[in-house]
Every structure is written in structure tokens, then in C-alpha cells.
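Below is one structure, written out as C-alpha cells; comments come after it.
In what follows, every chain begins at residue 1, and chains take the letters A, B, ... in the order their sequences are listed. Quick caveat, the model's predicted, so the values are computed rather than measured.
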Number of protein chains: 2
Amino acid sequence: MRWGVEQRLEFIEFRLFWEGSINRADLVEFFGVSVPQASKDLTLYQERAPGNTEYDNRSKRYIAADKFVLRFINPDPYVYLGQLRAVAEGSAAPHESWIARLPQADAALTPRRDIDIEVLRRILDAVRSKGSVEVLYQSMNRQRPDPIWRRITPHAFGYDGFRWHARAYCHMEHKFKDFLLPRILDIRSKGKPGANAESDWLWNNYFDVIIGPHPDLTESQKIVVAKDYCMDDGTAVLPVRYAMLFYVLKRLGLLSNPEKEDPRRQHIVAINKAEVLIALEKSNMSQEVSRNIPAPAGGE
Amino acid sequence: MRWGVEQRLEFIEFRLFWEGSINRADLVEFFGVSVPQASKDLTLYQERAPGNTEYDNRSKRYIAADKFVLRFINPDPYVYLGQLRAVAEGSAAPHESWIARLPQADAALTPRRDIDIEVLRRILDAVRSKGSVEVLYQSMNRQRPDPIWRRITPHAFGYDGFRWHARAYCHMEHKFKDFLLPRILDIRSKGKPGANAESDWLWNNYFDVIIGPHPDLTESQKIVVAKDYCMDDGTAVLPVRYAMLFYVLKRLGLLSNPEKEDPRRQHIVAINKAEVLIALEKSNMSQEVSRNIPAPAGGE
DNA sequence: GGAGCGCGTTTATTTTATATACGCGTTCCT
DNA sequence: AGGAACGCGTATATAAAATAAACGCGCTCC
């Protein structure tokens, strides 16, 4: 089966499954295919997936039957919702999505500085070729109020649920750090690497954050929260890169004292809080750490 | 130009732009076309976008030329990074992505309860047909420790940066509320709507959150933060649905007292804090609100 | 210096898709 | 009630796209 036909059959099934119906005109519009071809595709789909469709003369559409057997796609709620989010956030055009009738959706969103597309391209290039680049970086460090050129060797990307950064070896400070992509204002001059990915200890090693329901919740509430976070016996283990620990804790509300927060807002606490704090210091994300920690790194 | 050819040309340009190179074998592998056809596609691309490629005999690949003129795609950093995230989060299969050599990437992620795919399908159906459904909902309300059946009329979806909920009119409490999709355990019996989307005041109306840099930052740091959040004159206006206000504030760390937090962790504060608090009460998300507020709603 | 590999191109053949046209049945409007 | 409108299916001939199989070329790497 040719790729184009396969795509159209998947499209038909996608629309049937998530939207409940499909039309010959849908195919014509989306794929630019001729009317007879669209008819053939629909016939072919009905041959390959018999019993999945019923034609409704009122709406003049094929309707998904009650007992629907998937044959071409393997749908997932989070994939569908991810498309919704992408459209809602503006990072995907509505006509590119296979979802035709987008339901109203809103995502908690914040304005953010743009990422320079050339910067990202050349960071990616440096990561692939395992080289270094010079970046004009706008740090938050009070010693460096203005953007300065510094050489870095990037090897990975991190997303804190809000912003993207490049994980890179900094040739100036001789350690691995996070560089927020929107704060890289310019980029130039490829060069030799300063350190390879394998030596980024904080990136390559994981710490287990153990979470549990907030102690002030009622027993039944704790059960709900436990299910929400896929906990087993009231706890869940989250393996987190040391380099990502700060962001994960922030996201989960575990940076300050979650047990003192209102349990209706803060549902979980860290069970191994003491170890978490030590790990956080180790990761140097707390930024209140002495300088003699091995393999330090920090966000700016 | 046929849809399939168009797709392949876009694919070629995508790979050239983001990955720096493309191969005949790449086309054969991804689209399942024959070797001669892949050759023809590459030739066609070079005709339509002359000067974009150079053949490198070492790697036996077409390399993106230095001065690259986009002809078929309109790339965006956040679209590319969105794909990275989707793969990193597991909500997209690596082979479905057009990115071949996925750089190392990590996203601050949390285990989460699954969404029942049938639940989502039928909620979507209810939204489209503007009807109601009965859902078996696991609330956190201490009066209802066990899941109960309740009729709702959903009309939209919300994403708080972490979880998805359905915005719906609750026939039991006679008001609009948020229903977390993972907590809907079962679904049944379509019915007539209880209220339409237009009467969900908290969803349809917006409040302007005004944010600014944390006052304890240095002047230069404030400038950086201002740029990070696309602020103008040191402030940015965020129009937020009342129904989403709680989530946005939580995400931005503005729920408690951001000005008392360490500015290195909490970069921004709300300028119109008093109004924000009133709006938050209005939205009934604080859950510490008297019962006589018009058109109340709340998260459970 | 030769094996290996990826590229390009040729041929004949098959598959896919198109344009154009027609009849059918249902719905909806007058 | 009658007819226009619309979407469906299908027929035909034609055009385009893609395939299989085969060959030579040039470069790299061993």
C-alpha cells in the first residue's frame, strides 16, 4: 500500500474516531484529491474496516458505528489533546491538524520571549557535531548585566514545563550550565568542544524524588491524589536528572515547604525531603551553595 | 502538484533546515518510495529550490547550503521544540516525527493518571452535539469520598500546564465547574443540555493580570525578566479567563506572596495584586468564598 | 588499488489519480 | 407535493506517478 493511500485511510479513521464522522469532501479538501478518488478511498476503508461506518443521509456523512474496531491508527488521548494544545498555543496551524472541528480549548499560557530560529539551528548543529559555539548570552548574573559572548559546548535540551534551555559546557566558567534559548541573542564561530556529554554528571545521573499525598488531606482525598500521581502504597518514585531537579521541584510545588501550604492547592509533598534538599544543593540549583561541590552547574 | 510529492518536498526542506542534511535513503525509509522516485524527488527539490543544497561526498548526503532560502515550509522554533517535547513525553512515536536525529532532551514531567479514551471520545461528542452526559466522577470533595454519577454539560477543555479538564455545567450543583479528565472513571447516557456555553460567564470573560519583575531584582535583572515576559515599560498584561485564572496564577507562582519569595526563584509579581485577589475570589477558585457570588464555579 | 556504497539514469510496466460525465437517492425548500 | 440541490457511486479514457530491474559512475575508505 502506497504511503499516500495509507495516510488517507488513517485520516478517515482518525476523523471517524475522534470527530464521529467523515465526508468525501473532507478528503478532497484536506488532501486535494479528486472526487472519484475520495470515493474510492472511502470504499476502500469500508472494505478494510467493515462495520465501522454508517452513512447518514441527514448529515450526508459517514458516521462512526457504535462498535468501532480500530484498524489503521492507534489513538491516544494525550496525543489528541496535545494537538489541541498545540493549536491553542499557536504552535500549530489549525488546518495542519487532523482535527476539523476544534472544540473550545484554553491553556494556561504566558507571553514569552521568542527563540531566534538561527540560534536554535546552530545550537542543534553544535550538538550533532559535538562542537562548541560562541553565544551572545544575556545572563541574570548581577556581575554581568549586559549580554556577553561566551563559548559553550551544548549537548542536550531541557524543558521545565515553561521554557527551553540548552544544556552546555561553559568554557568561561568551566562547568556545565543551562542556557535559556530565548536569552541567546546571537551565535557565531564554531569550534572544538570543551567537554563531552558523558562528563556532565548532573545531566547523566538521576535522583529519586519520592512523593506522597499532602498529610493534611483526608484519607479519601489521599487516595484520589495517590491515583492522580500513579502512586503505589501512597508513594511514587520520580527519577529526575540532577540537572532537572530544580525545575521538577518547582513545578510540583516542592521547593519551599509544601506541607505548610493549603492541601487544597498543594496536593503532594516530598517523602524524602532531607535527601531532596541535599540533592538540590548538589545540583547547585539552589544557588546558595559553596563553590567546592564536584561537577557543579547552575541556572542563570 | 500532488499531495504526496508536496509532502516529500516539505520533508526534504525540513530535514535540510533542522537537521542540516538529507539522504536518498531517508526518503525511501520514511515514505516507502522506490529509489528512483527518491532520486527524482531530490532532483525536483533542487530545481525548485536552487542553491539550497550541496552534495557532500564524505557523508554521502545533501547538505544545507549556508544561504538557505525556504521555499516549502515555514519553520518555527516552538514547533520544532514541540515535537521534541512530544517525543520526550512519549505522546508521539519517534518514527512519526520528521526529526531523525533527536537530540537528547528532557522535560520536567510527572506521572499522571491515564485518561480513559472512551470518556474523552464521548465528552467530545457531547461538546459537539451540545448535549449532556452522565459521568462517574471522583471528586476531592470531602462530602463525596467515593465516585458518584453526575450529569454534566461540557462545552470546552482547559489545560493548566499539567492536566486537562473539561469545562462543564454541573446539573447537580447547578453551576459551571472543571472536571479533571483523569478523574472521570466512566461515562453513560447522553441527554439534553443543562446550560449552554454562552452562559458560562467565568469562561467567557477575561481578567487582565498585570505582571512585572520582582522588586528585589537589580535594575539590569529587571530588564532581562521584562524581556523574558515580553513586557513593555516593565509590565505585561495577561488576559486570562476567570475560569483559568487560578491555574495561570499557580503556574506563575502568583498565588501566595511572590514578593516575599527569593527573586532568583520567583522572577515576577502581580502589579495589580488587589484586583487579582478579588478576581480570584470571583472565580471561586480560592475555594474560600462565600456562596452568594454570581455565576460561581470551582475546581475540585 | 579494489571493494563498497550511494547517486543518477534508463527501460518497460504497473499502479494511482485525474477529468468528465451520468444516474441515483435523499433532503430540504418553495 | 414537486423540484432543485447536493452528495454519493460509478463508468470511461487519459495522464501522471511510482515501481522493478538493471547499469555505469565517482568517491571514500580500508
Side-chain angles (χ1 to χ4, degrees), chain A residues 1-16 19-65 71-72 100-101 128-130, chain B residues 1-16 19-65 71-72 98 100-101 128-129:
Chain A
M1 173 149 316
R2 293 257 250 268
W3 186 80
V5 187
E6 185 84 30
Q7 288 290 114
R8 263 135 48 202
L9 291 180
E10 289 182 14
F11 179 85
I12 291 169
E13 191 155 84
F14 182 94
R15 284 278 170 99
L16 283 172
E19 313 248 304
S21 68
I22 190 165
N23 214 345
R24 193 169 62 173
D26 292 347
L27 284 168
V28 171
E29 187 189 355
F30 195 88
F31 293 98
V33 79
S34 68
V35 166
Q37 187 58 38
S39 270
K40 278 166 74 177
D41 289 337
L42 285 165
T43 307
L44 179 61
Y45 181 78
Q46 286 167 96
E47 281 172 16
R48 299 298 186 90
N52 273 12
T53 57
E54 290 161 6
Y55 189 70
D56 173 33
N57 272 315
R58 285 292 290 279
S59 59
K60 297 189 172 178
R61 302 180 67 79
Y62 290 92
I63 310 290
R71 283 241 41 192
F72 293 97
R101 304 174 56 186
R128 273 191 300 266
S129 60
K130 300 186 197 298
Chain B
M1 174 147 315
R2 292 257 251 270
W3 186 81
V5 187
E6 185 84 31
Q7 288 290 114
R8 263 136 47 203
L9 291 179
E10 290 183 13
F11 178 84
I12 291 169
E13 190 154 86
F14 181 94
R15 284 278 170 99
L16 283 172
E19 312 247 304
S21 68
I22 189 165
N23 213 345
R24 192 170 63 173
D26 292 346
L27 284 168
V28 171
E29 186 190 355
F30 195 88
F31 293 99
V33 294
S34 65
V35 166
Q37 187 57 39
S39 272
K40 277 167 74 179
D41 289 338
L42 285 165
T43 307
L44 179 60
Y45 181 78
Q46 288 166 96
E47 282 172 15
R48 298 299 185 89
N52 273 12
T53 56
E54 291 161 5
Y55 189 68
D56 173 34
N57 273 315
R58 285 291 290 279
S59 59
K60 296 187 172 178
R61 302 181 67 78
Y62 291 91
I63 309 292
R71 283 241 41 193
F72 295 96
W98 280 14
R101 303 173 57 186
R128 275 191 298 266
S129 61

Sugar-phosphate, base or nothing in reach of B:V35, heavy atoms under 4.0 Å: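 Contact class for B:V35: none.
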Side chains of B:N52 and B:Y45 in contact at under 4.5 Å (non-hydrogen atoms): yes
Given [options], identify the nucleotide with an atom nearest to the side chain of [X].
X: A:V33; options: C:dT18, C:dC7, D:dC8; result: C:dT18
X: B:R58; options: D:dT28, C:dA17, D:dA21; result: D:dT28
X: B:P36; options: C:dT9, C:dC7, D:dG9; result: C:dT9
X: A:K60; options: D:dA18, D:dC6, C:dT9; result: D:dC6
X: B:N23; options: D:dG7, C:dC7, D:dA20; result: C:dC7
X: B:R2; options: D:dA16, D:dC8, D:dA20; result: D:dA16

Counting only side-chain nitrogens and oxygens, does [X] get under 4.0 Å of the OP1 or OP2 atom of [N]?
X: B:S39; N: C:dC7; result: no
X: A:R24; N: D:dC8; result: yes
X: B:N57; N: D:dC29; result: no
X: A:R8; N: C:dT16; result: no

May I have the distance from [X] (atom [atom1]) to [N] (atom [atom2]), rounded to whole angstrom?
X: B:Q37; N: D:dA21; atom1: CD; atom2: P; answer: 17 Å
X: A:L44; N: C:dT15; atom1: CG; atom2: P; answer: 15 Å
X: A:I12; N: D:dC8; atom1: CD1; atom2: P; answer: 12 Å
X: B:K40; N: C:dC7; atom1: NZ; atom2: P; answer: 17 Å
X: A:L27; N: D:dC8; atom1: CG; atom2: C1'; answer: 13 Å
X: A:Q7; N: C:dA17; atom1: CD; atom2: P; answer: 12 Å
X: A:Y55; N: D:dC6; atom1: OH; atom2: P; answer: 14 Å
X: A:D41; N: D:dG7; atom1: CG; atom2: P; answer: 18 Å

Whether the side chain of [X] engages the backbone of [Y] through a donor-acceptor N/O pair (distance < 3.5 Å, no angle test) should be reported.
X: A:Q46; Y: A:L42; result: yes
X: A:R8; Y: A:F31; result: no
X: B:E19; Y: B:R101; result: yes

Pairwise 5' ranking along DNA chain D for B:V5 and A:S59, keeping only the more 5' one: A:S59
Residue closer to the 5' end of DNA chain D, B:M1 versus A:A25 (nearest nucleotide): A:A25
base_contact_polar (C:dG6 base, B:R61 side chain, donor-acceptor, <3.5 Å):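 Counting by modelled atom types and ignoring angles, no donor-acceptor contact under 3.5 Å is found here.
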Where A:I22 and A:I12 come nearest, the two heavy atoms and their spacing: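 Nearest pair, atom of A:I22 first, then A:I12: CD1-CA, 3.6 Å.
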CZ (A:R71) with more than 12 external heavy atoms under 6.0 Å: no
